[in-house]
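Heads up, the thing below is written out as structure tokens.
Just follow the structure's listing: the first ligand is 1, and inside any ligand the first atom is 1.
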Amino acid sequence: MDAQYRTSQPHIFAAGDVIGFSQPGSVSMEQGRLAATFAFGSTAISNPALYPYGIYTIPEISFIGKTEEQLTDEDVPYEVGVAYYREIARGQIRGDTTDG
Ligand SMILES: Cc1cc2nc3c(=O)[nH]c(=O)nc-3n(C[C@H](O)[C@H](O)[C@H](O)COP(=O)(O)OP(=O)(O)OC[C@H]3O[C@@H](n4cnc5c(N)ncnc54)[C@H](O)[C@@H]3O)c2cc1C
């Protein structure tokens with residue numbers, strides 16, 4: 001596989017779990033989008049530096065970018081915002097009272 005997701009067979013492209021370890025669905029989807037774009041001859045795109053992550057739990061969890069630990073290690077100032085699940089509409093409608 002090359003950087004454009006082309007396999008050793010030049011007319012076959014591959015993306016997602018089939019090319020390596022299991023990875024977040026968002027990464028597989030973006031790889032598939034890029035592979036399709038490359039398959040149609042585009043060269044003016046590159047892999048994104050950041051991917052969003054979604055964890056299929058209840059409630060769902062998602063994140064993108066650096067963690068607090070990484071920012072602290074790099075001396076980058078940051079602010080933390082917290083929204084408790086019990087305080088948002090979905091949590092209230094479902095009657096969930098957990099703090100997550
Ligand atoms: C238990 C589990 C939990 C996960 N939790 C998360 C999570 O919380 N968040 C997250 O982001 N990711 C999660 N993942 C990972 C995510 O689901 C996968 O990485 C993602 O679905 C990979 O997408 P894909 O398109 O590469 O493969 P798939 O989604 O597996 O798609 C491959 C498709 O190819 C089809 N196929 C297979 N063989 C053939 C064939 N010979 N001919 C035609 N079709 C064929 C299959 O039926 C399937 O539909 C989880 C994975 C597992 C196993």
Side-chain angles (χ1 to χ4, degrees):
M1 268 240 330
D2 66 13
Q4 296 190 340
Y5 303 100
R6 184 179 283 105
T7 67
S8 57
Q9 299 298 311
H11 63 295
I12 297 178
F13 292 71
D17 284 0
V18 76
I19 66 172
F21 291 106
S22 181
Q23 52 201 341
S26 54
V27 176
S28 297
M29 193 168 72
E30 179 63 7
Q31 287 177 349
R33 191 186 69 80
L34 289 170
T37 309
F38 289 130
F40 280 95
S42 175
T43 54
I45 53 173
S46 58
N47 287 302
L50 295 174
Y51 284 98
Y53 280 64
I55 313 296
Y56 314 145
T57 48
I58 301 174
E60 301 86 349
I61 299 168
S62 62
F63 56 91
I64 187 169
K66 296 189 175 181
T67 64
E68 284 186 64
E69 287 77 13
Q70 289 170 320
L71 294 173
T72 301
D73 288 346
E74 295 170 16
D75 274 337
V76 176
Y78 64 90
E79 291 185 21
V80 176
V82 177
Y84 289 105
Y85 180 53
R86 66 168 187 265
E87 293 172 348
I88 63 174
R90 181 173 169 185
Q92 292 182 2
I93 290 167
R94 289 175 54 101
D96 287 334
T97 56
T98 52
D99 283 342

Which protein non-hydrogen atom lies closest to [atom], naming both residue and atom, and how far is it?
atom: atom 51 (C) of ligand 1; answer: Ser22 OG, 4.3 Å
atom: atom 16 (C) of ligand 1; answer: Gln23 O, 3.7 Å
atom: atom 12 (N) of ligand 1; answer: Gly25 N, 3.2 Å
atom: atom 30 (O) of ligand 1; answer: Asp17 OD2, 4.9 Å
atom: atom 8 (O) of ligand 1; answer: Tyr56 N, 2.8 Å
atom: atom 25 (O) of ligand 1; answer: Ser28 CB, 4.5 Å

- Can Gln23 and Gln31 be said to form a side chain to side chain contact (heavy atoms under 4.5 Å, CB included), step by step? CA-CA 11 Å; Gln23 52 201 341; Gln31 287 177 349; 3.2 Å; yes
Quick one: does [atom] have a protein heavy atom under 4.0 Å from it?
atom: atom 40 (C) of ligand 1; answer: no
atom: atom 10 (C) of ligand 1; answer: yes
atom: atom 48 (C) of ligand 1; answer: no
atom: atom 23 (O) of ligand 1; answer: yes
atom: atom 27 (O) of ligand 1; answer: no
atom: atom 19 (O) of ligand 1; answer: yes

- Item | Modelled atom types, side-chain donor and acceptor of Tyr78 and Glu68, under 3.5 Å |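 Their side chains do contain a donor-acceptor pair, which is all the 3.5 Å distance test asks for.
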Closer than 4.0 Å to some heavy atom of [X] - which atoms of ligand 1 meet that?
X: Pro24; answer: 10 (C), 11 (O), 12 (N)
X: Gly16; answer: 26 (O)
X: Gly54; answer: 7 (C), 8 (O), 9 (N), 10 (C), 11 (O)

- Query: Taking the side chain from Gln70 and the backbone from Thr67, do they hold a donor-acceptor pair closer than 3.5 Å?
  - Reply: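 Pair found, side chain donor or acceptor close to backbone of Thr67.
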